Protein chains: 2
Amino acid sequence: MPHPARPTVTLREVAAAAGVSVATASRVLGGSARTVSAENARKVLEAASELRYTADVAARAMRRKSDSIALVADDLTTPSIAQVVAAMERQARTVDAFVTVSAAGGDTRRQLETVRTVCAFRPRALVITSSWAATTAYGARLAEELHAYERRGGRVVIYGDMDAPFDAISVDDRGSARLMGAHLAATGHRRIAILAGTRERTFAAARTTGFLEGLLGGGVDVRDIRVIDCPVSRAGGYAATSRLLEESPGEFDALMAVNDTIAVGALSACRAAGVDVPGRLSVTGFDDIPLAADVTPRLTTVALPFAEIGERSIRLALTVAGRPDRPGVRRTVIGRLMVRQSSKVI
Amino acid sequence: MPHPARPTVTLREVAAAAGVSVATASRVLGGSARTVSAENARKVLEAASELRYTADVAARAMRRKSDSIALVADDLTTPSIAQVVAAMERQARTVDAFVTVSAAGGDTRRQLETVRTVCAFRPRALVITSSWAATTAYGARLAEELHAYERRGGRVVIYGDMDAPFDAISVDDRGSARLMGAHLAATGHRRIAILAGTRERTFAAARTTGFLEGLLGGGVDVRDIRVIDCPVSRAGGYAATSRLLEESPGEFDALMAVNDTIAVGALSACRAAGVDVPGRLSVTGFDDIPLAADVTPRLTTVALPFAEIGERSIRLALTVAGRPDRPGVRRTVIGRLMVRQSSKVI
DNA sequence: GGATAGGCGGAAAACGAATGAAAGCAGCGA
DNA sequence: TCGCTGCTTTCATTCGTTTTCCGCCTATCC
């Protein structure tokens, strides 16, 4: 055969072209500790670039630790996650690592499935967002799976909370939410409705608690606060707010949402119902997604340092594993109050 | 050693636990065509689940085609891409494939680098978004790289345009934009400014052309149209609009942006300058990102079927490759006009 | 000048899974 | 009893790379 249709160009061919052994070629291209003569190194590099050689990671992964980091996120369409992912990408690039992303949207069961799938790639580290309560059967099995992965030499980093000793970077949702509660109380708001999302979302529960603490600490009467569950989505915020405005018009002077997406839905409902924001009702969000500054009125919210979160997650993921049974390292970041036009001083 | 700390659980161990050979275990777990007795199959499956075995994709990829599909996107934080990615995920899941995502944000050079990196994973197919002109040196090398990948048996699907015979799914940007141009002309707009993005973005150029065609076809005088380049971002739209409103106030009755993000920036600039939209100026976007319905006034735009795009991309990626030199299959989708409050009838 | 490091290259053994070839085995007819 | 068929299982090889081990050559020191 004069021109065998090669499936891919291998190290063997590079070595042959350079006139050295595969071992030598591997040492040059793979960044080995062993030294290779300058002359041979040059020839190998030349041949590799000539043949457009790229090492097959699959084969490489068999003998060497991989440099891919797997991110298992709930939902990639969430604006906040997108920002975190982008930051991770940037950070990983600086250390020649590589981030693969997969969505496990939904629940702990899907998370478990996805983790198993990603583990098959034998990544160097696993970053997993956890916004679901780990109390279900699947949650426990998930933790078990992650532990098994760590025992096999992997690194696990949680973004969010989990009742298990993994390294974690988490937002102090409760403390950050307290800031917002205190702010509304301080600016004279006294009758508050909280759009609390759903109970299974741990961040939603923590933020609701923080809101309450801040409000109560600022002198708001607990009987003047109403906590309303709703789906964590724009539509959820819209529906809950519409219902609220219809059933008890004028009863509240502030509406606090556990995230910006819900808050945007709420704003939309207010506009539809002809309720002036912030004239008759202050509305606040949480996250400071890019959209928050673009809605009308611009949304008062709590800004979270997503870029920092992404960067730190990767840094944590790349530190070498310590003792298998050491307690998890936990980094906490706190949000910053962003007062804009959707809330006012009463 | 009673308990050697294994880095990973291998097929050999599963086979040993089940009391069969690795070959048999492989056939059971790998879904081979060859038949295995029910009794042995049961034992293998039992052992595998007991040991929490997951096949190492790296090793598997050496003999068999992988199930992973790599997506190389420009920028994952773009709302439209996020929707496409989510749809791809869903579709891939239905056929037991697996999508890995990586951002190559920026330019063709970074795209080339990223493609080379993900090719090393030997994915089954490569879906690449292409919104950058392929006329640069890197663009040509990118096409070359992709061809090499196809020759090695991979599938390449382009989302967007490319002057190369790959399978592609693309939006008829020009035709869709024509709808918007025609609509504005028909509703009485006569003096138009187009926020055209940058020339290197192929979608921006196509949409601008479509706008022009629609407007001219509707009787707008070409001398009353102004095309303004600007960065493809909210800030870019804001700055360009501010400048425009300052330099030539009242000169235009409509502002057409090549995407929603720019349009949102434009709306913001109008609000800042005290220009009533749509009273004094109609503003339109393109894409129908979720945000479009949440800004005030709600944005008139062209809705693109992102979910369909994502789903079709994956379907295309999973069809078996035909003859290496066959012309690329090209699927085109067209947008739908969404008339909302940011434009009016004059 | 000879012994001894030490640098460097190459052959070959992994790594984990897939697979073609070959072997084992039961049933059947001659 | 033998040979054949059809089905299942095992053996041995393969994939592309890294890494270990061994041997060669040169430089250094006594």
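Please read all numbers here as calculations on a predicted model, not as lab measurements.
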Please report the distance, rounded to the nearest Å, between [atom1] in [X] and [atom2] in [N].
X: Arg34(A); N: dG7(C); atom1: CZ; atom2: P; answer: 10 Å
X: Glu13(B); N: dG16(C); atom1: CD; atom2: P; answer: 8 Å
X: Arg122(A); N: dG16(C); atom1: CZ; atom2: C1'; answer: 9 Å
X: Asp56(A); N: dT14(D); atom1: CG; atom2: P; answer: 18 Å
X: Leu29(A); N: dG16(D); atom1: CG; atom2: P; answer: 16 Å

Picking from [options], which would you name as closest to the side chain of [X]?
X: Arg27(B); options: dG16(C), dT10(D), dT17(D); value: dT10(D)
X: Ser37(A); options: dG20(C), dG10(C), dC8(C); value: dC8(C)
X: Arg12(A); options: dG10(C), dT17(D), dT9(D); value: dT17(D)
X: Val20(B); options: dG16(D), dA17(C), dT10(D); value: dT10(D)

Indicate yes or no: at least one non-hydrogen side-chain atom of Ile128(B) is less than 4.5 angstrom from one of Phe166(B).
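Ile128(B) does not reach Phe166(B) side chain to side chain.
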
Considering only heavy atoms from C-beta outward, does the side chain of Asp74(A) approach that of Gln111(A) to under 4.5 Å?
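With C-beta onward as the side chain, the pair touches.
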
Once you apply a heavy-atom cut-off of 4.0 Å, does [X] come out as touching a base, just sugar-phosphate, or nothing?
X: Val22(B); value: nothing
X: Ala25(B); value: nothing
X: Leu11(A); value: base
X: Ser26(A); value: base
X: Thr24(B); value: base

Could you list the protein-to-nucleotides 25-27 of chain C atom pairs, N/O on both sides, closer than 3.5 Å?
none

Assess whether salt bridge (charged side-chain N to carboxylate O under 4.0 Å, His left out) is satisfied between Glu311(A) and Arg90(A), documenting all intermediate values.
CA-CA 8 Å; Glu311(A) 193 200 312; Arg90(A) 272 197 304 278; over 6 Å; no

On DNA chain C, check which nucleotide each of Arg60(B) and Ser21(A) is closest to and give me the residue with the more 5' one.
Ser21(A)

Taking for each residue the nucleotide of DNA chain C bearing the nearest heavy atom, is the 5' side occupied by Thr35(A) or by Ala23(A)?
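Comparing both residues, the 5'-ward one is Thr35(A).
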
Just to confirm, is there a sub-4.0 Å distance from OP1 or OP2 of dT8(D) to any side-chain nitrogen or oxygen of Asn40(B)?
no

Kindly calculate the angle separating the two end axes of the helix from dG1(C)-dC30(D) to dA30(C)-dT1(D), each obtained from five base pairs, and round it to 10 degrees.
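Rounded value for the end-axis angle: 70°.
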
Carboxylate-amine/guanidinium contact Asp167(A) Arg155(A), below 4.0 Å
yes

Salt bridge between Glu39(B) and Arg42(B), side-chain N to carboxylate O under 4.0 Å?
yes

Side-chain donor/acceptor of Thr24(B) to backbone N/O of Val20(B), under 3.5 Å
no

Give me the atom names and distance for the closest heavy-atom approach of Ser80(A) to Phe306(A).
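Where Ser80(A) meets Phe306(A) most closely, the heavy atoms are CB-CZ, 3.2 Å.
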
Distance-only donor-acceptor hits, side chain of residues 48-55 of chain A, under 3.5 Å, sequence neighbours excluded:
| residue | atom | partner | partner atom | Å |
| --- | --- | --- | --- | --- |
| Arg52(A) | NE | Glu144(B) | OE2 | 3.4 |
| Arg52(A) | NH2 | Glu144(B) | OE2 | 3.0 |

Arg12(A) atom CZ, over 12 foreign heavy atoms within 6.0 Å:
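Check fails, neighbour count at 12 or below.
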
Over 12 non-hydrogen atoms of neighbours within 6.0 angstrom of CZ in Arg331(A)
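Open: at most 12 neighbouring heavy atoms sit under 6.0 Å from CZ of Arg331(A).
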
